[in-house]
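Shown next, in structure tokens, is the structure this report addresses.
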Amino acid sequence: MFGRLKHMFIKEFLQLLRDPRMRMITFAGPVIQMTVFAFALTTDVMNINTAVLDFDHTKSSREFVEYFTSSGYFEVTEYADSQSDIADILDYSRARLVINLPSGFEDDLLSGRTAKAQVLVDGTDSNTASIVFGYANRIVADYSRAKMVEFENASGSAGMVGAEGAPFEIVTRSWFNPNLESKYYFVPGLIAVMILVISMVMTSVAIVREKEIGTIEQVMVTPITRTEFILGKTVPFAIVGYIVMTLMLIVAMLVFGIRVNGSIVLLYLLTGIYLFGNLGLALLISVTARTQQQAVLTAFLVMMPCVLLSGFLFPVHNMPEIIQYAAFLNPMRWYLDILRGVIIKGVGAGDILCAIVAQTVLACSFVMLAVSRFRKTMA
Amino acid sequence: MDAIRTEGLTRRFKDLTAVNRLTVNVKRGEIFGLVGPDGAGKTTTMRMLSAILTPTDGSGWVMGYDIRTECAAVKDRIAYMSQQFGLYTDLTVMENIEFYADLYGVAKKGRRERIDELLNFSYMHPFKRRLAGNLSGGMKQKLQLMCALIHTPEVMLLDEPTNGVDPVSRRDFWRILYRLLSEGVTIFVSTAYLDEAERCNRIGLMHEGELIAQGTPSEVKKLMRGRIIAITSPEARRIAYLLKSELEAVSICIFGDSVHVVTDSPEKTSVSAGKIISESGLSADSIRSIDATLEDVFVSMLGEKRASAGAEDEN
């Protein structure tokens with residue numbers, strides 16, 4: 001049994017590695033893509049173009065603007081002269097944020113009245129807008145706290161700030177990713193996506209290709225069993241998946257400084273289950289498709305929801321309830337929990353037990369379905 | 001014991017009965033030809049005998065092993081060559097042979113000799129490093145035959161092995177088959193070429209899933225009703241057209257530059273045919289009685305089949 005299986009593997013690898021182009025696509029492709037995407041896909045908002053409309057022209061108003069620029073997020077690119085300029089600036093996207101300071105800003109501030117300032121955010125891209133808005137809020141809060149301290153010191157009523165101005169202070173600290181850098185979020189996700197693409201596309205054509213060229217008939221008359229044939233057509237791709245993952249982990253470490261915080265053994269073990277599930281799904285496609293074209297197209301149609309409903313880009317818990325249930329059937333959804341858990345948080349198997357169990361159940365069902373379908377088509 | 005024996009072997013695909021109650025026996029060491037037009041059920045029969053397709057009904061044995069229940073034993077003893085080229089075009093000749101040797105579990109010891117022997121008698125030695133996809137049609141078939149022969153099978157099932165192969169390569173291929181036969185291998189070959197059928201020890205004529213005749217080629221020829229009159233003429237086509245409307249005969253068909261008329265009374269028919277031809281101003285180079293070829297037999301038998309099917313429909 002193992003003898004024949006071994007020779008199926010040798011044959012698959014011979015075919016796979018013969019073509020230099022195929023070698024490039026298989027191994028270099030995913031690694032290059034992961035690197036490029038990890039740089040390109042970022043939710044970090046930096047260098048926000050900012051326009052200033054300052055009617056006050058005082059030390060305080062300039063100081064207020066300075067609070068924005070010194071944060072590192074905002075860059076003043078334009079000074080407007082009138083209210084009508086503002087509409088233009090936002091219409092033509094010359095700036096994403098406009099700071100509008102009416103005259104009397106400093107007077108109000110010094111006399112202890114509430115000073116008014118307006119901050120306009122371009123809301124076209126809602127995600128970015130809310131991030132920009134968050135930065136602006138924090139800066140304004142910092143500014144007003146500083147001003148309040150100054151004002152109270154001047155009026156000789158020290159100690160009032162703690163009681164009135166800011167009765168308590170919230171210090172936020174995000175664990176596992178202190179600077180909220182999106183690479184910690186995207187790199188594991190990209191690894192999952194690349195493994196999915198490689199294993200799905202390659203395996204989905206595996207059996208249908210032999211059917212289409214007619215080689216399957218010649219192989220099935222040999223003493224090889226169906227199980228051996230199926231394993232022979234899948235295990236090589238699991239090995240390819242592992243190699244690709246290893247390459248990506250190395251790049252993640254060298255280029256992005258992302259280390260596996262948890263157990264590497266656990267990561268490889270659980271990746272095996274993920275690969276197994278993908279291969280099962282791909283086999284199901286391969287045994288039911290009649291042509292390679294059909295198989296590849298189906299694989300792509302299956303991959304789209306797998307990626308989008310996995311929490312790779314959009315958190316699953318924000319999705320409508322029914323979609324959240326549907327996502328239970330998505331192996332990548334669980335694998336992302338595992339990857340982020342083991343790589344970023346460094347958790348052990350116990351903490352991601354739910355994902356492991358779900359992943360295993362899915363993988364086994366896909367493979368069993370594929371094997372039973374294969375029996376039917378060959379009968 | 002027969003090498004191959006079937007009883008009422010039947011395979012249905014939904015509404016279509018591809019093979020209908022086929023009963024045939026092939027003796028050890030003989031070459032049996034399954035002859036029939038495309039769609040007659042030859043490939044389905046082959047696939048059932050190779051134990052890769054389960055029969056809907058009936059049973060079959062290869063070297064005494066049941067094709068339904070003893071698939072593994074059957075597969076160990078047969079070689080099957082599919083009609084479509086079934087090898088890996090992106091592997092070399094040697095890689096393909098080695099792969100099949102591995103799948104069949106051919107022992108490493110003696111394997112080299114076996115491969116050399118196969119390469120030698122098929123004259124494929126110079127091409128062993130070539131990718132299978134770059135071989136000519138005839139060489140592809142020889143390679144497929146080598147892969148099928150690697151485990152020294154007792155029975156060979158060849159599905160139209162020379163389909164689309166040039167005449168020289170076909171002759172070469174048959175030379176290899178005769179050599180195997182002399183080594184005691186039983187060969188079950190399907191073909192749509194009737195000249196190839198003449199080379200077989202025994203043949204079976206298959207039509208629409210049924211075996212309509214079987215025996216040695218000469219036995220099968222005797223099954224034909226009547227005698228054949230061949231009229232050779234450059235105007236064969238017009239003569240056939242003319243005779244079809246004016247002459248009483250079992251069947252009239254064109255074979256190249258001659259018209260074959262099947263009749264129960266050869267003397268009378270040849271006289272009246274000559275008369276009809278000369279009266280219409282056409283000329284014939286010769287009109288003579290000939291021995292039936294398998295092609296004649298086949299055409300006339302299929303004609304009878306169709307006629308009786310038509311008669312049944314009318315009733």
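Order of the sequence lines sets the chain letters (A, B, ...), proteins ahead of strands, with each chain counted from 1.
Asp90(B) CG to Leu16(A) CG: the interatomic distance, rounded to the nearest 0.5 Å, is 10.0 Å. Atoms OG1 and OH, on Thr222(A) and Tyr104(B) in that order, are 5.5 Å from each other to the nearest 0.5 Å. Summarising the geometry, atom OG belonging to Ser50(B) is positioned 12.0 Å from atom CE belonging to Met220(A); distances are rounded to the nearest 0.5 Å.
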Checklist entry - When you look at Leu14(A) and Glu95(B), which way does the side-chain contact (heavy atoms from CB on, under 4.5 Å) test go after all the steps? => result CA-CA 9 Å; Leu14(A) 267 177; Glu95(B) 283 165 352; 3.7 Å; yes
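The shortest non-hydrogen separation linking His7(A) to Asp102(B) is ND1-OD2, 2.9 Å. Between Ile213(A) and Gln84(B), the closest heavy-atom pair is O-NE2, 3.4 Å. Contact record, Leu103(B) with Pro223(A): O-CD, 3.8 Å, taken as the closest heavy-atom pair.
Residues Leu91(B) and Gln15(A) meet the side-chain proximity criterion, which asks for heavy atoms closer than 4.5 Å. Residues Thr92(B) and Arg18(A) form a side-chain contact, since some pair of their non-hydrogen atoms from C-beta on lies under 4.5 Å apart. Within the 4.5 Å cutoff, the side chain of Arg47(B) has no heavy atoms near those of the Val221(A) side chain. No side-chain heavy atom of Gln218(A) sits less than 4.5 Å from a side-chain heavy atom of Phe85(B).
Within the 4.5 angstrom heavy-atom criterion, no atom of Leu49(B) approaches chain A. With a 4.5 angstrom heavy-atom cutoff, Tyr80(B) touches chain A via backbone and side-chain atoms both. With a 4.5 Å cut-off on non-hydrogen atoms, Glu98(B) does not touch chain A at all.
No other option in Ser82(B), Cys71(B), Ala79(B) has as many heavy-atom pairs under 4.5 Å with chain A as Ser82(B). Between chain B and the residues Asp19(A), Ile224(A), Val219(A), the most heavy-atom pairs under 4.5 angstrom are made by Val219(A).
Counting non-hydrogen atoms of other residues, nucleotides and ligands closer than 6.0 Å to OH of Tyr123(B) gives a total of 12 or fewer. Surrounding CZ of Arg21(B) are at most 12 heavy atoms belonging to other residues, nucleotides or ligands under 6.0 Å away. For Arg290(A), the CZ atom sits in a loose shell: 12 or fewer heavy atoms of surrounding residues, nucleotides or ligands are nearer than 6.0 Å. Annotation: Phe328(A), atom CZ; neighbour count of heavy atoms from other residues, nucleotides and ligands within 6.0 Å is above 12. Counting non-hydrogen atoms of other residues, nucleotides and ligands closer than 6.0 Å to CD of Gln293(A) gives a total of 12 or fewer.
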